[in-house]
Every structure is written in structure tokens, then in C-alpha cells.
Amino acid sequence: MADARGHGRPAYTPEEVARFEALVTRYAGHVYAISYRLAGNEADAKDLAQEAFVRLWRSLRRIEPGAALEGWLYRVVTNLYIDLVRRRPKQRPQSLDEPIPTEAGERARERPDLEADVERTVLDRTIDRRIQDALMALHEDLRMVVVLSDIEGYAYEEIATIVDVPIGTVKSRLHRARRALRERLGPIHDDLTRR
Amino acid sequence: MSAHHRVHQQLSAYLDGELTPAELAEVRDHLAACPECASELEGLRAIKHLLRRLAAPVLPADFVPGLRARIEPPAPRRWVWWPRPAAALAVAALVLILIAVPMVRGHLDRLKAATVGPDLFVRSYVPAASADPFADRAFLALIHSDAGVRLMGEDPRRNRR
Ligand SMILES: [Zn+2]
Ligand SMILES: [Zn+2]
């Protein structure tokens, strides 16, 4: 693996390489999940998450064993994502005023037994997509806090560290994000819990 | 600010258990008396639960192989690519510029590390760097310049040309 000339990487020892691979095994799923919820598609999510691990690889020796690596990785991902958004101005989220297309008819056809097992199963693909669309409609600053809080379960203080804003900002962004999502997704939730 | 408005702003934090005892008491008192805030709270709770039920996206099968490929670029060929000396020279100049500035601090830190020994280095420098990787100039250089990356990523104690 490691060679003396080192194109693009330090000459790591086999132990260091093993440590890195263990970190990938441990965190790749979560890092990818966050990337996916931020970016909204597989290609960008994969790119963001892989790049975060490439950064980890390059900084491997500067990171203490037992450091808060998960938070570090998320922080890298959120910063990479912001970079991505800035490089692609056309992909900015739509404004909150634009209506979301409704797929009620389609949903009814695909999933007639929706209410029956609502608490036990994960959400079906169409609903997942609609939630993801609603997330994508948020400004990315709001999307990040709501993903870290409601999907990943981080406390405000941890989110503040990852996103690098004061706790009060986390609090107000989260409130705004949920209110916006409520406006878009209220009907889905009502469908799911009806009966 | 009225109690209603203040509480309304606190409802998300209330839901997350992120209020101080004093704020919590005010929110509870107000919720008992204000149907509008109570209904708003239910709406926010519904959204939180909906998001929590999202399935974790499945890690694509080619994720790890793709990562390996990014970490281990197919060996030395890339350095032979430059067909024209002028292009190679331009790249060399760019790389120099890109590394010169961020290198000063990061490199000095590492040179210091080489002299004070890795142990002290790890205890003094690394915690600061990992707590705030983006405040580290060397790390910033990694982020903002792909051209600089190759050199920056190398073991800083190795000879550099
Ligand atoms: Zn009220
Ligand atoms: Zn409000």
C-alpha cells in the first residue's frame, strides 16, 4: 500500500491502514446517511461521504485515537456540502413558496394497507421521497440542523459544534425548519396516523 | 415580548428537552392555557416523529471500493501526463503558491513536533487541530486546493523539494 514516493498519501504503517479501515467500517453508514439527507441524491451523497473519508485518511496521524471522530466527520461533510452548494448555484433549494407536487393518488394505489402497519414498518419509498423533497426545499442551513437533530438525534450543543454556530442559532433554525416541514408534510403525517 | 410569543418560539426546544428549568416551567404553564400553542406543539412533534421514522439510506455496494480508488490513485502515471513543459511548469508554480502560505503555520508546527517529539506534539497540537480542523491552515489548504493536496498530505517530516 504505502510506498516511499507517496503519491497523495503518507506512507502509513499496516496498523494505521487497519485503523483507518476500521473507522470506515464503523462510520461509513452514518456519514453516508447524513450526506444523503443533505444532498438528496446518491451520486452527491457518495461523493461527499467518500471525500470526508479521504480527508480523514490524510489527517489520520493528526487525529487522536478516541477523538470525537463522528462529529469531526459530520463537520467535514457539512462543510463539503456547503462548498458543493456554492459551486452549483443552480441547484439551490427552491423557495418555500413553491408548491410541492402531490402524489396522493399514486400513494393510495401503491400502498392500500398504509394505515394498518404504520407504526411498525419504515416509511415507504414514495413517502420517503416526499420527505426528502421537503428537506431539499429548505435552505441548506435549516436542512443541516434538522437532519442532525431529528434524523441523527444530536443534542443542540453537539449540533452547534458540528455546524459551527451558537446554540441559540441551532434552536431558532430548528424551529423554523420544523415549521416549514410541517407546512409541507402535515398532510402526510395526517394520512399516516388517520384511523 | 408576550408570554405567548416567547413560548411559541420555545416549542421546538421544549420538544427536544433543551429548555432551562425556568423556561420549562413557563412553557408548561402556558401550554395548559393556550390551545394555539398546544396545537403548534403537536404539529412540531408530528414532524419530528415523521423524520425519525425515515429509513437509513443503504450504503451503496461500491462505496468502499470507490473510496479505496480515491485514496490510492493508480500509481505514478499522473506525474508523466504533462505533455508540455510549459504546462508542467505552470502547475509547479501554482502548487508552490498554494502551499507557501498555508504551509507556514502547519509546517512550523510539525517541524516543532519533530524536535519536541511526537508525544508532546500529540498532546499539544493535535487536540486543537482535531477540535477545530478548519482552523488548521494546513487542513484548509487540503480543502481548498486539490493541487496542493498531494504535497500537503505527505508526511511532513519527509524531505520536500
Ligand atoms: Zn400560546
Ligand atoms: Zn413559532
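Lettering of chains follows the sequences in order, A, B, ..., and the numbering in each one begins at 1.
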Participant: Identify the two heavy atoms, one from B:L51 and one from A:I151, that lie closest to each other, and give their separation to 0.1 Å.
Facilitator: O-CG1, 4.0 Å

Participant: Which atoms of A:V54 come close to chain B, meaning under 4.5 Å heavy atom to heavy atom: side chain ones, backbone ones, both, or neither?
Facilitator: both

Participant: Using a 4.5 Å cut-off on heavy atoms from C-beta on, say whether the side chain of A:R182 contacts that of B:I47.
Facilitator: yes

Participant: So which atom in A:R37 and which in B:A55 form the shortest heavy-atom distance, rounded to 0.1 Å?
Facilitator: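 Closest approach of A:R37 to B:A55, heavy atoms only: NH2-O, 3.0 Å.
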
Participant: Name, in order of residue number, those residues of residues 17-36 of chain B that have a heavy atom at a distance of less than 4.5 Å from a heavy atom in chain A; otherwise write 'none'.
Facilitator: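 The list, in residue order, reads B:E18, B:L19, B:E23.
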
Participant: Between atom CZ of A:R176 and atom OG of B:S12, what is the distance when rounded to the nearest 0.5 Å?
Facilitator: 12.0 Å

Participant: Is there a side-chain contact between B:R70 and A:D47, using heavy atoms and a 4.5 Å cut-off?
Facilitator: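 Yes - at least one pair of side-chain heavy atoms lies under 4.5 Å apart.
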
Participant: Once rounded to the nearest 0.5 Å, what's the spacing between atom CZ of A:F20 and atom CD1 of B:I71?
Facilitator: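 CD1 of B:I71 is found 3.5 Å from CZ of A:F20.
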
Participant: By number, which residues in residues 57-65 of chain B have some heavy atom less than 4.5 Å away from chain A?
Facilitator: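 If one takes a 4.5 Å heavy-atom cut-off, the residues of residues 57-65 of chain B near chain A are B:P57, B:V58, B:L59, B:P60, B:D62, B:F63, B:V64.
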
Participant: Does a donor on one side chain and an acceptor on the other come within less than 3.5 Å for A:K171 and B:Q10?
Facilitator: yes

Participant: Report the C-alpha separation of A:E21 and B:R68 in whole Å, then their side-chain angles, then the decisive distance to 0.1 Å, and conclude whether the salt bridge (charged side-chain N to carboxylate O under 4.0 Å, His left out) test is met.
Facilitator: CA-CA 10 Å; A:E21 298 204 331; B:R68 273 209 189 96; 3.4 Å; yes

Participant: Using heavy-atom distances under 4.5 Å, tell me whether A:A155 contacts chain B through its side chain, its backbone, both, or neither.
Facilitator: both

Participant: Can you tell whether the side chains of B:D16 and A:R178 come within less than 4.0 Å, N to carboxylate O?
Facilitator: yes

Participant: Crowded around A:E157 CD? As in, over 12 foreign heavy atoms under 6.0 Å?
Facilitator: no

Participant: Is any side-chain heavy atom of B:H49 closer than 4.5 Å to a side-chain heavy atom of A:D150?
Facilitator: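 Sidechains of A:D150 and B:H49: no contact.
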
